[in-house]
Amino acid sequence: MTDTYLDRIGGLIRDARKHRGLTQTQLADQLGTSQSAVHRIEAGNQNLSLDMVNRIAEALDSQLISLGANGPTHLRVEGGRKLSGSIAVRSSKNAAVACLCASLLNKGRTVLRGIARIEEVNRILEVLTSVGVEATWSENKQDLTLVRPAELDLGAMDIEAARRTRSVIMFLGPLMHDYDTFQLPYPGGCDLGSRTIEPHLQVLRRFGLDVKSTGGFYDCDVDASRNTLDRPIILTERGDTVTENALFAAARTPGTTVIRNASPNYMVQDVCFFLSELGVKIEGIGTTTLRVTGLSDIDVDVEYAPSEDPIEAMSLLTAAIVTESEVTVQRCPIEFLEIELSILDEMGLDFSLSEEYVSANKVTRLVDITVRPSQLRAQVDKIHPMPFPGLNIDNLPFFAVIAAAADGKSVIHDWVYENRALHLLELNKIGANVTLLDPHRITVEGPTRWRGHEVVCPPALRPAVCILLGMLAARGTSILRDTYVINRGYEDLATRLNGLGAKVETFTD
């Protein structure tokens, strides 16, 4: 078995063991082996025979890891339970995938600490390793070491993995420095409507990259003599990945590049901090104007810890709010949650903040947020996203769930994506009163008497998690089917919610 498959099987075994309530020692006793052997298996560091896989499946009474069970995984939720305790926010999904792409700029050794172990990261890692990047997890699976070869084997790229993530578009900026011509497959990701890559191409053309679309691939041609960097680059869209691609292009372009209308969002700041560790000089981090002084070559050994995920923080806060529970969400990046908390304050949420402290990246400000049961009221004005420092577009869907728990009618306006509002209509299946006004706007009327139901996961990460959160509050048993999309952005979410008192079980048909 390859390291990738061992890692996946180890994760499945770990999850199944935890759902059975067994310790590693107890599982080891059933298998007639040692606790350290079980630890190695779950860490993906132990070769497994087919006989051992079957023995583990039998010991755990889990089809999830038995041979032939290759179908989708589902969640069974026994709702209506109060949550309690504390839970820490993990590192940012979007910062993790951006830093993975940025590692292609570096010919030295890159160590990413505390990186999120999610399906989106797995897909990018599959693409990176298929072209020759050496990727090694630490024994505790917390840190990832990346070493790129002198010459990437782009012809061996894992096309299937690349097409399952939109993040592969961020290979354009790094690859254009080392290759005159190359191909990238069309990216995939969440179904959120039409998402053109033209803003990326407008920026990268300024650096001499020309892209043509042919037969499911982007054919890329690079000629640095075509660059027009004698004046500032103005982004026509203040997008996160567009800004990151512009940064990747500027990072190894000698001289100073000025990028205006840049996104100052959390993942972009993490990319700036990471590139700074590589020796790239960046002025204006956290603003919409970036001055990047690039290097012709980058060959350094670097370590970096991406900061905590404000979208996961909002997810966990929503879980506490909708179940009317007292929960402390630790390690919340407050700079990227202030507008959300201001709206929640207006809606009547009872919460408090700890003193601030600093993330492992030594820059991002963190707090612990304690949420208490509250009588919520609908927001008077519509709830809508804005570029940072406004309400984050990825946090907007959670306000649909929160509005469903509030007294009155709320308007949620998602002016960015035309499909996400449609996906939120699935909340009606578990008792919500959501009405579609148009592809970008919904009304949500509460309070809601949540009820258990069976729902198929919509093909979009945040709406899928919103349905799961509503199920936590719903009376009876709910089934959420085909939850791969949730695993793209969250690590061990079911197990972690169970640690707060939820009852969520992973199963397959």
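This structure is a prediction, so every number in the text was calculated from the model and none was measured.
Atom-to-atom distance recorded for Ile393:CD1 and His384:NE2 is 11.0 Å, nearest 0.5 angstrom.
Taking 4.0 Å as the cut-off between side-chain N and carboxylate O, Lys429 and Glu426 count as a salt-bridged pair. Ion pairing of Glu42 with Arg17 is present here, as a side-chain N (NZ or NE/NH1/NH2) and a carboxylate O approach within less than 4.0 Å. The pair Arg14-Asp492 meets the salt-bridge criterion, since a charged nitrogen lies less than 4.0 angstrom from a carboxylate oxygen. Taking a cutoff of 4.0 Å between a charged side-chain nitrogen and a carboxylate oxygen, Glu78 and Lys503 qualify as a salt bridge. A salt bridge does not link Arg90 with Glu308: every distance from a Lys NZ or Arg NE/NH1/NH2 to an Asp or Glu carboxylate oxygen is 4.0 Å or more. A salt bridge between Arg377 and Asp407 is absent, with no side-chain N of the basic residue lying under 4.0 Å from a carboxylate O of the acidic one. Under the 4.0 Å criterion applied to side-chain N and carboxylate O atoms, Arg123 and Glu160 are not assigned as salt-bridge partners.
In this structure, Arg441 forms no cation-pi arrangement with Tyr417, as its terminal cationic atom is not both closer than 6.0 Å to the ring centre and no more than 45° off the ring axis. Judged by the 6.0 Å and 45° rule, Arg238 forms no cation-pi pair with Phe388.
No hydrogens or angles considered: nothing links the side chains of Thr495 and Asn498 as a donor-acceptor pair under 3.5 Å.
When atom types are taken as modelled, the side chain of Thr448 and the backbone of Ala404 share a donor-acceptor pair closer than 3.5 angstrom. Counting only distance, with no hydrogens or angles, the side chain of Gln183 and the backbone of Asp219 share no donor-acceptor pair below 3.5 Å. A distance-only check finds no donor-acceptor pair linking the side chain of Ser325 to the backbone of Val327 [under 3.5 Å]. Of the possible polar contacts, none joining the Ser359 side chain to the Thr364 backbone as a donor-acceptor pair under 3.5 Å is found. At least one donor-acceptor pair under 3.5 Å links the side chain of Asn245 to the backbone N or O of Ile169. Looking only at distances, no side-chain donor or acceptor of Thr483 sits under 3.5 Å from a matching main-chain atom of Leu75. At distances below 3.5 Å, at least one donor-acceptor pair connects side-chain atoms of Asp414 with backbone N or O atoms of Val416. Using a distance-only test at 3.5 Å, with no hydrogens or angles considered, no donor-acceptor pair links the side chain of Ser374 to the main chain of Leu376. Side-chain atoms of Ser92 never come within 3.5 Å of backbone atoms of Asp309 as a donor-acceptor pair (strictly under, hydrogens ignored).
Just one of Arg76, Arg481, His74 meets the side chain to side chain donor-acceptor pair (under 3.5 Å) condition when paired with Glu454; it is Arg481.
When all heavy atoms are compared, the tightest approach of Pro306 to Arg113 is CD-O, 3.4 Å. Contact record, Pro397 with Cys466: O-SG, 3.3 Å, taken as the closest heavy-atom pair.
Under the side chain to side chain contact (heavy atoms under 4.5 Å, CB included) criterion, Arg451 pairs with Arg475, sequence neighbours left out.
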